[in-house]
Structures are given as C-alpha cells and as structure tokens.
Number of protein chains: 2
Amino acid sequence: MTNRRNTIQKDLVKNAVYEMKRHVTANEVYEFLKKEYPTIGKGTVYRNLDILSEEGALRKVEVPDGANRFDITLKNHYHVRCIKCGEVSDVDMEEIPDLMKRIHDTHGIDFLEYDISFKGICPRCREKMKEEQNG
Amino acid sequence: MTNRRNTIQKDLVKNAVYEMKRHVTANEVYEFLKKEYPTIGKGTVYRNLDILSEEGALRKVEVPDGANRFDITLKNHYHVRCIKCGEVSDVDMEEIPDLMKRIHDTHGIDFLEYDISFKGICPRCREKMKEEQNG
DNA sequence: CTTCATGCAAAGCTTTTGCATTTCC
DNA sequence: GGAAATGCAAAAGCTTTGCATGAAG
C-alpha cells in the first residue's frame with residue numbers, strides 16, 4: 001500500500017495537473033502529456049491520478065454523468081458544476097461545522113466523509129443562452 | 001417539452017420504482033420489468049426514468065463511478081453511499097438552512113441547486129470486514 | 001394522420017484490466 | 001534480480017442514440 005515507487009510518469013501526471021491550473025479530467029491530462037511523451041499510456045494516467053489522490057497530492061472531484069476531475073487545492077472546499085458545459089469550479093464557502101453531528105438516524109452506517117456539490121450555470125453559458133434567445 | 005404522451009411503459013417504470021421500495025438503478029428497474037414484459041427496451045427504461053425525474057415523480061440520485069439511483073421520496077433529503085457495496089440509503093438529517101446564502105464569491109455563476117452526499121460503510125459490509133479479519 | 005415513444009442494437013464515454021515488457025530499488 | 005509500474009489494447013459498465021415500427025392524441 002504505502003510502498004510505492006517513484007516513477008517518472010507519476011511526476012509527469014502530478015506536474016501536469018499543477019500546470020494546467022484547472023479542474024482537469026483524466027483524459028485532458030492524458031492528451032496534455034501525450035504531446036511531449038507520446039508513449040504514455042492512458043491507464044498509467046488513470047492509475048497515477050488515483051494514487052496521487054489517495055496520497056493527498058491531488059483531490060478527486062467526483063462528477064456523476066461525466067468524467068471525474070482532479071485539482072490541486074489542498075484546503076477543503078466545495079465545487080459547482082455548470083449544467084450546460086460541465087465545467088467545474090471552486091465554490092468560495094466556509095465549511096459547515098459539525099455537519100456529521102447533525103445526522104440522527106444512521107441505520108447503523110459508519111459515516112466517513114461528505115461532499116456538497118452545487119449545480120449552476122456559468123457566465124459563459126449564460127451569455128450563450130441570451131444570444132440564442134435574442135438571435 | 002411539456003407535451004408528453006402517457007404510455008404504458010412510462011406507468012410501468014413509475015410503478016416499478018414504487019414497488020421496489022429502494023434506491024434502484026435503471027438496470028434493476030429494467031430487469032424487474034423484463035420478467036413480466038420481456039419486450040421492454042432498456043432505452044425506454046432510461047428515457048422514462050429521466051422523464052419522471054424531470055416531472056418530479058421520481059428523484060434521481062446521481063452517483064459518481066456507479067449507476068445512478070432513483071427513488072420516490074418526495075421530501076428533500078440526503079443520501080449516503082456505502083463505499084464497499086455501493087448501496088445507497090437515505091440520511092436522516094434536517095436540511096441546512098440558507099446554504100446558498102453562505103456562498104461568497106460566485107465567479108458570476110448562477111447557483112441552481114445543491115446536493116450533499118455522504119460516504120460510509122453499511123452494517124452488512126462492516127460485518128463482512130470483521131469476519132475477514134478474524135478469519 | 002401526424003407526431004411522439006418504443007424496441008432493438010449499436011455506439012459512446014469513462015474507467016478498469018490483462019499481460020508482456022520495462023523500470024525501480 | 002525480484003517486485004512493481006508501464007504501455008498497449010481489449011473489455012467492462014453505464015448511458016445514449018439512430019432508426020424502423022408502433023401507439024397516442
């Protein structure tokens with residue numbers, strides 16, 4: 001588990017996410033790296049993104065009905081996803097204190113973590129919609 | 001959009017979710033219905049589950065890295081997903097008031113809705129893990 | 001009779017996996 | 001040199017889609 005090897009590819013994946021400065025999908029990372037390292041495997045990118053998330057170097061933002069995203073922000077925070085284009089961005093909101101304590105009937109479940117996910121429409125898509133209406 | 005036809009299949013799908021009394025996946029609904037209506041199409045089930053969710057008759061619980069679930073509970077509530085078996089159940093927790101108001105910098109995004117999703121380990125899987133350790 | 005939904009199969013998209021080869025320690 | 005990661009391709013899992021046929025209004 002903890003005995004992981006340091007490989008070039010793992011560094012490449014990590015640095016790619018740092019350089020891209022967005023909430024990137026695994027495929028975006030793969031395409032990004034393929035330019036300079038054409039032999040890198042998609043499986044390797046997926047594997048390393050997950051490993052890096054487990055290790056805490058990256059954060060995996062799970063997206064239903066779409067590709068998962070990865071980012072580098074270390075502080076805990078929430079995300080909003082545009083229902084039109086699917087873009088994910090950070091939400092500036094304090095964490096809700098003691099959220100786990102509010103759970104009453106647990107059905108015997110051990111609660112481990114939670115995530116709040118928002119949906120909305122980003123400025124770019126809002127503009128596009130306006131234009132379509134006026135067009 | 002709003003001019004939808006009432007079809008037998010749509011009723012079947014709705015009733016199936018009501019009868020199954022769980023957070024069911026589209027495929028589970030399909031298998032359930034196929035017993036009595038062997039010619040029903042998987043696409044039809046998917047289409048009607050989405051239509052019924054849009055209409056408010058069902059609630060779609062989006063699950064990353066897994067099949068989406070549908071249930072009938074009309075009151076707003078939250079969900080917890082077992083990280084071992086993937087089962088989804090309701091969480092008994094009051095809604096958090098004014099959650100949307102807590103958002104500070106919106107980057108110009110129009111916020112529409114939010115969802116809180118918990119992760120945990122269900123009693124059944126916890127037992128299984130214990131047995132494996134002691135075995 | 002026109003339009004929409006169905007059934008079926010195929011394709012789409014994201015992710016995982018099997019395996020020979022290479023790399024790391 | 002032994003174990004683990006890679007690259008490649010194939011498969012898996014969930015969902016959507018194209019199209020001819022059939023049902024609804």
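Bear in mind that the values here come from a model prediction, so they are computed numbers and not experimental data.
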Can you tell me which nucleotide in [options] comes closest to the side chain of [X]?
X       : options               : result
B:Ile40 : D:dC8, C:dG7, D:dT16  : C:dG7
B:Thr39 : D:dT15, C:dT14, C:dC8 : C:dC8
B:Asn6  : D:dT6, C:dT6, D:dG25  : D:dG25

Establish, with yes or no, whether the OP1 or OP2 oxygen of [N] is under 4.0 angstrom from a side-chain nitrogen or oxygen of [X].
X       : N      : value
B:Thr7  : C:dC4  : no
A:Gln9  : C:dT23 : no
A:Asn68 : C:dT14 : no
B:Thr25 : D:dC14 : no

Which residue, A:Asn27 or A:Arg47, contacts DNA chain C at a nucleotide closer to its 5' end, judged by nearest heavy atom? A:Asn27
Determine whether a donor-acceptor pair (one donor, one acceptor, N or O, separation below 3.5 Å) exists between the side chain of B:Arg5 and the base of C:dC4. yes
Under the salt bridge (charged side-chain N to carboxylate O under 4.0 Å, His left out) rule, what do A:Lys34 and A:Glu31 come out as? Steps first, then yes or no, please. CA-CA 5 Å; A:Lys34 214 173 49 170; A:Glu31 294 293 341; 3.6 Å; yes
A:Lys42 has an atom NZ; how far is it from atom C1' of C:dT16, in whole Å? 12 Å
Residues A:Lys14, A:Glu55: salt bridge by 4.0 Å N-O rule: no
Is B:Arg81 salt-bridged to A:Glu62, going by a charged N under 4.0 Å from an acidic O? no
Do A:Asn68 side-chain atoms and A:Val63 backbone N/O form a donor-acceptor pair below 3.5 Å? yes
